[in-house]
Amino acid sequence: MSDLRELYQQVILDHNKNPRNFREMADATRKVEGFNPLCGDHYTIFLKIDGDVIRDISFVGNGCAISKASTSVMSSSVKGKTREEADALFDVFHKLVTGDKGGDVEDELGRFAPFSGVAEFPTRVKCAILAWHTLKSALHEEKESVTTE
Ligand code: ZN
């Protein structure tokens with residue numbers, strides 16, 4: 001288990017160091033800010049939505065390693081997906097980080113697994129889920145900013 005934990009930590013550190021899709025998007029159709037005041041995580045997510053499909057997604061901002069890695073993983077997971085598919089991924093991720101063992105939390109690529117340890121640290125759950133809440137708001141609401149508080 002400790003080997004696995006170390007691997008998970010490495011995945012998070014790698015995403016933190018080399019976040020995927022970390023750039024501004026000039027022709028974004030949606031741009032939403034997410035803020036977690038508890039930790040100071042602050043990101044802006046850019047989306048290019050075509051009909052029902054997330055054609056492109058990117059983000060900029062700063063925060064702790066967990067929040068940045070989570071935003072990076074979220075962005076690569078939902079690119080090319082429909083709103084509905086993105087919502088389903090939100091649910092999978094949410095269950096994983098809140099330790100809900102009731103549902104089936106297997107994601108097809110095991111991409112989210114490195115965040116499973118977050119469930120043990122309630123204050124970190126907000127860091128991990130921030131990107132997903134911001135995405136959800138970008139997909140379903142008119143708001144331009146989201147806060148975890
Ligand atoms: Zn954080």
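In this chain, numbering begins with 1 at the start of the sequence shown. We count ligands from 1, going down the list as the structure has it; atoms in each ligand are counted the same way. The figures here come from the full heavy-atom set of this structure, side chains too, leaving out hydrogens, waters and symmetry mates.
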Subject >> Within-2.8 Å protein N/O/S contacts of the Zn ion (ligand 1) >> reply: C39 SG, D41 OD1, D41 OD2, C64 SG, C127 SG

Original post:
Hey, does the side chain of Y43 reach the backbone of K68 with a donor-acceptor pair shorter than 3.5 angstrom?
Top reply: yes

Subject >> Lys/Arg N to Asp/Glu carboxylate O, R55 vs D27, below 4.0 Å >> reply: no

**OP:** State whether K81 and D87 are salt-bridged, where the test is any N-O pair (Lys NZ or Arg NE/NH1/NH2 against Asp/Glu carboxylate O) under 4.0 Å.
**Re:**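 Between D87 and K81 there is no salt bridge, as every charged N stays at least 4.0 Å from the carboxylate O atoms.
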
**OP:** Look at atom CD of E24 and say whether more than 12 heavy atoms of other residues, nucleotides or ligands are closer to it than 6.0 Å.
**Re:** no

Original post:
Using a side-chain heavy atom cutoff under 4.5 Å and only I, L, V, M, F, W and Y, what cluster partners does F46 have?
Top reply: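 Once heavy-atom contacts under 4.5 Å are chained together, F46 belongs with M25, V60.
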
**OP:** Decide yes or no for K79 and N21: does some side-chain heavy atom of the first lie under 4.5 Å from some side-chain heavy atom of the second?
**Re:**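 Yes, their side chains come closer than 4.5 Å.
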
